Amino acid sequence: MDAAVPTNETPAFSTARFRDEREADWIAFDALLTRLERRGAKALSSDELLQLPLLYRATLSSLSIARATSLDKALLDHLEALSIRGYFLIYGVRESRLGRLKRFFLHDWPAAVRALWKETLIVALVLILGVATSWLLVAHDPEWYFHFIPEELSGGRDPRASVEFLRSTIGHGKAPDGEDGMLHVFATYLFTHNSRVSIMAFALGFAFGVPTMILEFYQGLSLGAMLAVFSGKGLGVEFGGWLFIHGTTELFAATLAGAAGLKIGTAVVFPGARGRLDAAAAAGRTAGKVMVGVIVMLLAAGLLEGFGRQLVTDTLVRYGIGTLMLLFWLGYYYLPRRSALP
């Protein structure tokens with residue numbers, strides 16, 4: 001009786017055969033994705049749009065088989081890259097650069113600022129405390145002024161100056177010879193000083209927020225000292241207009257920068273249920289959006305300072321412009337609006 005002879009013949013399986021059977025689908029899928037990336041969905045016909053998810057699933061199936069059978073790494077890498085491209089182009093949210101920019105300015109930036117409302121109030125109070133402290137010190141003893149404002153940059157705008165001279169330095173009356181240039185130097189010093197302190201207040205926030213609070217207090221000291229000098233000469237209203245036209249934007253930006261730094265500092269000290277690094281990273285993402293906006297605000301303040309304050313000399317108009325800017329920022333940040341679509 002003849003015994004059955006076992007055979008070990010099995011279908012041959014190789015990378016070459018696998019490619020031959022399925023590569024046409026991969027090529028077609030890659031071609032559709034390339035057109036979709038370059039020109040958007042309008043570049044594809046209705047049939048091609050319906051074909052996209054079918055080819056995507058076929059590519060995923062090929063990737064699964066390739067992994068299970070341990071085919072060569074080059075093929076695996078190709079299929080993985082193709083699958084990832086397909087996923088993001090078919091199922092991911094695609095947004096143009098203009099759309100992302102619009103989303104940032106309409107939703108992301110204001111939402112980040114609103115999330116820091118507690119820190120903003122705290123920093124604003126610290127800034128006001130700095131202003132009040134130096135104002136009281138200089139009003140009691142004018143020599144304190146030189147501890148807050150460098151004499152070489154004050155350009156004579158100090159407690160020893162006459163009323164006429166101080167009035168001329170804020171755009172009322174004719175400045176003495178050579179003092180017009182010094183006014184620009186002094187204004188530039190104030191802007192660069194406040195900008196530098198604002199950025200440092202944010203950057204040092206990781207140190208538990210302590211340097212941030214100190215810097216914000218220090219920022220208020222120079223402002224309070226100047227207010228004390230001009231108020232002591234009966235020029236407080238005029239100086240307020242000179243400052244108000246750009247100060248509402250600049251000081252608001254400084255307050256937000258301090259709030260962003262304080263947000264990171266409090267996340268490090270009080271991480272909650274998350275680890276300190278995770279809490280700091282989450283706070284950093286919110287604070288980073290705020291700081292992008294702070295830079296925009298500082299640029300706007302620079303324009304108001306460089307052009308508006310020099311061209312507009314009427315005190316009431318200066319107050320009007322500063323008030324409008326303050327109302328604009330408050331409305332932009334805090335008025336309710338519809339949530340952005342995901």
Side-chain angles (χ1 to χ4, degrees), residues 6-112 114-115 264 267 271-293 337-342:
T7 61
N8 293 324
E9 294 181 5
T10 58
F13 190 88
S14 65
T15 301
R17 182 176 176 182
F18 186 68
R19 279 183 177 275
D20 290 341
E21 292 176 351
R22 296 173 177 260
E23 191 169 23
D25 288 342
W26 309 339
I27 294 174
F29 188 44
D30 181 64
L32 291 179
L33 292 180
T34 300
R35 288 163 58 192
L36 188 62
E37 288 172 328
R38 291 178 179 175
R39 293 186 292 165
K42 64 183 180 181
L44 305 182
S45 66
S46 299
D47 291 339
E48 289 172 332
L49 288 172
L50 292 173
Q51 194 179 10
L52 267 177
L54 299 177
L55 291 174
Y56 172 66
R57 287 194 290 270
T59 303
L60 287 181
S61 174
S62 298
L63 176 60
S64 178
I65 294 172
R67 284 173 173 169
T69 54
S70 301
L71 294 182
D72 66 85
K73 188 176 184 302
L75 180 59
L76 279 172
D77 291 343
H78 173 68
L79 291 175
E80 286 177 351
L82 193 59
S83 298
I84 292 172
R85 283 176 63 208
Y87 174 80
F88 282 108
L89 288 172
I90 297 173
Y91 300 108
V93 177
R94 300 190 69 224
E95 195 174 18
S96 66
R97 290 185 179 89
L98 182 60
R100 289 194 295 271
L101 195 63
K102 181 179 177 182
R103 176 185 289 268
F104 175 79
F105 282 104
L106 291 182
H107 300 282
D108 294 348
W109 178 16
R114 288 195 299 273
I264 296 175
R274 294 175 294 185
R276 295 188 188 278
L277 289 179
D278 291 338
R285 286 190 289 271
T286 300
K289 293 175 184 177
V290 172
M291 283 306 297
V292 172
R337 66 194 70 192
R338 289 190 305 172
S339 299
L341 294 176

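On a predicted model such as this, the values are computed, not experimentally measured, just so you know.
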> By side-chain hydrogen bond (donor to acceptor under 3.5 Å, both in side chains), which residues pair with Q51, not counting sequence neighbours?
Replying inline: none
>> Measuring from atom OG of S62 to atom CZ of R19, what distance do you get when rounded to the nearest 0.5 angstrom?
In response: 11.0 Å
> For F29, which residues count as a ring pair (Phe, Tyr, Trp, His ring centres under 6.0 Å) partner, sequence neighbours excluded?
Replying inline: none
> How long is the span from the CD atom in E48 to the CG atom in L36, to the nearest 0.5 Å?
Replying inline: 10.5 Å
> So, do L98 and K102 sit near enough that their side-chain heavy atoms are less than 4.5 Å apart?
Replying inline: no
> Out of curiosity, I84 CD1 to L33 CG, how far, rounded to the nearest 0.5 Å?
Replying inline: 12.5 Å
> Which distance, rounded to the nearest 0.5 Å, do you find between the CG of L54 and the OG1 of T59?
Replying inline: 10.5 Å
>> Could you go through I65 and S61, starting from their C-alpha distance and side-chain angles, then the distance that decides it, and tell me whether this counts as side chain to side chain contact (heavy atoms under 4.5 Å, CB included)?
In response: CA-CA 6 Å; I65 294 172; S61 174; 4.2 Å; yes
>> Are L89 and L52 packed together at the side-chain level, in the sense that at least one heavy-atom pair is separated by less than 4.5 angstrom?
In response: no
> Can you name the closest pair of heavy atoms from K289 and A112 and give their distance?
Replying inline: CB-CB, 3.9 Å
>> Rounded at 0.5 Å granularity, tell me how far CD in E80 sits from CG in L60.
In response: 11.0 Å
>> Quick check: closest heavy atoms across W26 and L82, and the distance to 0.1 Å?
In response: O-CD2, 3.8 Å
> Taking the side chain from S83 and the backbone from L79, do they hold a donor-acceptor pair closer than 3.5 Å?
Replying inline: yes
>> Let me confirm one number: the CD1-CG distance from I27 to L55, rounded to the nearest 0.5 Å.
In response: 12.0 Å
